[in-house]
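For reference, the structure is listed below as structure tokens.
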Number of protein chains: 2
Amino acid sequence: MADVAQAAGVSSATVSYVISGKRPVAEHTRRVVEKAIADLGFSVNTVARSLRTGRSSIVALVVPDLSNPFFAQLAASLQEELRVLGLHVMVCDTKADREEERAFLREAVQQRFAGVVITPFRLVAKDFLVLSEAGIPAVVSADLPFGDNDLVTPDARAAIRAALTEVTEAGRRHIAMVAGPRDATGGDPRLNLLRSLAAQFGTALPGRLVVRGEHTREAGAVGFERLMRIRPRPDAVFCANDVVAIGAMDKAEELGIDIPGDVALIGHDDASFASLVRPRLTTVRYPAADVGKAAARLLIERLDGRSVRRTVHVKAEFISRGTVRTGP
Amino acid sequence: MADVAQAAGVSSATVSYVISGKRPVAEHTRRVVEKAIADLGFSVNTVARSLRTGRSSIVALVVPDLSNPFFAQLAASLQEELRVLGLHVMVCDTKADREEERAFLREAVQQRFAGVVITPFRLVAKDFLVLSEAGIPAVVSADLPFGDNDLVTPDARAAIRAALTEVTEAGRRHIAMVAGPRDATGGDPRLNLLRSLAAQFGTALPGRLVVRGEHTREAGAVGFERLMRIRPRPDAVFCANDVVAIGAMDKAEELGIDIPGDVALIGHDDASFASLVRPRLTTVRYPAADVGKAAARLLIERLDGRSVRRTVHVKAEFISRGTVRTGP
DNA sequence: TTGAAAGCGCTAACAG
DNA sequence: CTGTTAGCGCTTTCAA
């Protein structure tokens, strides 16, 4: 920058101002400086800028599983939304490990990130203290509020109700669930929601019909198998997400169990492959792109100085395909 | 850091040295400093460190499509490999747009990134000048060498040969390809490789049997449809990657074309969903996790001072499933 | 409309 | 084994 200033015969302050536009610069001066910048191929050192301003232009996105297309799409969407403001996204895959989650939060403060967008998986509220102490805004994407952070959360009641309606109309009575791990953040709110809604349909969802595991294909297979040993055998299985549901389908095929003939299966998220498997997976769609957009908006507002907590609800939608009743 | 120094009654240099371990510190002093660090909840400001050392701890991973599970997995793998060295990965999705690709390279120099790992899609060699001028090491993941960068590249000859063998044995004679766009970096080397290998099988792959488009599901459908209008109709179709192959399968179903009965279909990469579709997609597997590992190794060596160009070949593997002949 | 200069927090000579 | 100190490249206040 000093080089540019010298070449243009101005002070480095002026160069800084033509770049940032934070103070008017005479037309002529500006042109001279811009020419010098081009001639020298100068580009600002953003780390010096960050040191000076105390804030970088990087936002961390912390997710439990980047190989889940839902999160990949969330990442793509968030990146696209923030890009126009000159903000960058650093994607952090924690593999659902609490220590990794905490490590990334620490990292965010060390790097003086502009903000973090996180889908907590095993974190607890006090793990967020490092962030708030450092004054780094966080927006949480989760089913339940989390500390006093901004929140993007699904509005899934209607969708789950629609799912239960279809399941019930298909004559299913023994509903079960392959839920997330017991120590997951919030204790798997999807289970609680399903349970309370099922009650309205006159169906209980007792603990013995809930099986728990990671959000992986393998865990889905294992969980489904355990469910299939219960008598009377469940005839409808809700899954924590689509990855888990795919695992359940693997196992059903292996066991010679017909879906949806013998057992109805309902996923969650509508990850890209949900419509690829056969039969196509009936699922509760939670639009990753919209979640990314909402998170970006919340974060930007926060960066602009808003100080009150906000929540954005993103509507989930029941997508009826072929795993509850024979369909498309 | 000055605070910690004061609290511990030492100089800030000493604090720096206990953190970095770059110079021995007396056992007692170290303990006192560590206590002060813990008490004050201090954590180093890595942006100041980066400014001072001239290099950040962030590596950019630039890919054309993060929603392609192949790249998502590459990202996860790279992140995992670099993490132990305290390096971080910033994922950049360019959506196959050259301007975006260039923008991210510029960004990498502004942010003084430690390095970049990139799968170029429309970039040309001279776009890399910004990086080399800034002295930022790049490792390229591509089918062909690219400038004088380190390279991770598939060794796919044997796999493609195996594919051609199976296709030929299945009695197919009219091979076609849905290739990438004409302006793609390297002009789609996968096409050239297939073409030269097909010749060894006595099969030509004339231009009229090659259709081009983006690496998307939609383009795969469109390309496949165009291919199906050619007479004599192709009876085996190779696709630029699995996403494209899925699009082809969509269209085949729509058109009532049986796969593999009427047309054999071969994908590329073995993205996670290749084994999910029915029939399961026969494909040329290119292991994303290994690519990530190789790229990490190359980058680390480069950071350690190696100055000669290196290439790592990652073996591709033919995975026979159900889209060439009836199979699993 | 522009310039001078302080200082962000750290690292790494250099000196003791 | 430890301390002093210059300076990385930028932004921004204060002064002109």
Side-chain angles (χ1 to χ4, degrees), chain A residues 1-34 36-37 40-58 86 106-114 133-136, chain B residues 1-37 40-58 86 106-114 133-136 303:
Chain A
M1 198 158 200
D3 296 351
V4 175
Q6 183 153 27
V10 300
S11 74
S12 67
T14 299
V15 177
S16 173
Y17 285 119
V18 334
I19 289 171
S20 70
K22 289 190 179 174
R23 148 171 131 175
V25 174
E27 182 60 21
H28 172 73
T29 315
R30 221 197 55 229
R31 260 202 289 273
V32 171
V33 170
E34 277 165 354
I37 287 176
L40 297 178
F42 169 82
S43 81
V44 282
N45 182 330
T46 55
V47 356
R49 171 184 292 170
S50 296
L51 177 59
R52 176 60 226 238
T53 61
R55 192 111 296 177
S56 93
S57 61
I58 299 178
R106 274 197 306 271
E107 197 66 29
V109 350
Q110 292 186 182
Q111 307 251 13
R112 302 300 187 268
F113 281 168
E133 278 168 7
I136 296 179
Chain B
M1 198 159 197
D3 296 350
V4 175
Q6 183 152 30
V10 299
S11 75
S12 68
T14 298
V15 177
S16 173
Y17 285 118
V18 333
I19 290 172
S20 70
K22 288 190 179 173
R23 144 172 134 174
V25 173
E27 182 58 24
H28 172 72
T29 315
R30 224 198 51 231
R31 259 203 289 276
V32 171
V33 170
E34 278 165 354
K35 175 154 181 351
I37 287 176
L40 297 178
F42 169 81
S43 82
V44 283
N45 181 332
T46 55
V47 358
R49 171 185 292 171
S50 296
L51 177 59
R52 175 61 225 239
T53 62
R55 191 110 299 176
S56 93
S57 60
I58 299 179
R106 275 197 306 273
E107 198 65 30
V109 351
Q110 292 186 183
Q111 306 252 14
R112 301 299 187 270
F113 282 170
E133 279 168 7
I136 296 179
L303 262 21

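Each chain gets a letter, A, B and so on, in the order the sequences are listed, and its residues count up from 1. The structure presented is a predicted model; accordingly, all values stated were derived computationally and were not measured.
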Residue pair Arg31(B), Glu34(B): steps toward the salt bridge (Lys or Arg N to Asp or Glu O under 4.0 Å) verdict = CA-CA 5 Å; Arg31(B) 259 203 289 276; Glu34(B) 278 165 354; over 6 Å; no

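Residue whose closest nucleotide on DNA chain D sits further toward the 5' end, between Val25(B) and Thr53(A): Val25(B). Place Thr29(A) and Ser12(A) on DNA chain C by their nearest nucleotides, and Thr29(A) ends up nearer the 5' end.
The minimum heavy-atom distance linking Ala8(A) with Val32(A) is given by the pair O-CG1, 3.6 Å. Between Ala108(B) and Ile136(B), the closest heavy-atom pair is O-CD1, 3.4 Å. Contact between Ile37(A) and Val18(A) at its shortest, heavy atoms only, is CD1-CG2, 4.4 Å.
Nearest to the side chain of Val44(B), among dC10(C), dC8(C), dT1(C), sits dC10(C). Taking only side-chain atoms of Ala26(A), from C-beta outward, the nucleotide of dC8(C), dC10(C), dT1(C) with the closest atom is dT1(C). Candidate nucleotides dA13(C), dG3(C), dG7(C) were compared by shortest atom distance to the side chain of Ser11(A), and dG3(C) ranks first.
Residue Lys22(B) places at least one side-chain N or O closer than 4.0 Å to OP1 or OP2 of dA12(C). Between Ser16(B) and dT11(C), a side-chain N or O to OP1/OP2 separation shorter than 4.0 Å is present. Put simply, Thr14(A) has a side-chain N or O that comes within less than 4.0 Å of OP1 or OP2 on dG3(C).
The CZ atom of Arg52(A) sits 13 Å away from the P atom of dA6(C) (whole-angstrom rounding). With rounding to whole Å, Met1(B) atom CE is found 11 Å from dA12(C) atom P. Regarding Asn45(B), its CG atom lies at a distance of 5 Å from the P atom of dC10(C), rounded to whole Å. Distance CD1 (Ile19(B)) to P (dG9(C)): 14 Å, rounded to an integer number of Å. For the pair Leu51(A) CG and dG9(C) C1', the interatomic distance rounds to 6 Å; values are reported in whole Å.
The side-chain heavy atoms of Phe42(B) and Ile19(B), taken from C-beta on, include a pair separated by under 4.5 Å. Between Gln111(A) and Ser57(B) the shortest side-chain heavy-atom distance falls below 4.5 Å. Residues Arg49(B) and Ser56(B) are not in side-chain contact: their nearest non-hydrogen atoms beyond the backbone lie 4.5 Å or more apart.
Judged by distance alone with a 3.5 Å cut-off, no donor-acceptor contact links the side chain of Arg23(A) to the base of dT1(C).
Of all nucleotides in DNA chain D having an atom under 4.0 Å from a heavy atom of chain A, the first and last in 5' to 3' order are dG9(D) to dC14(D).
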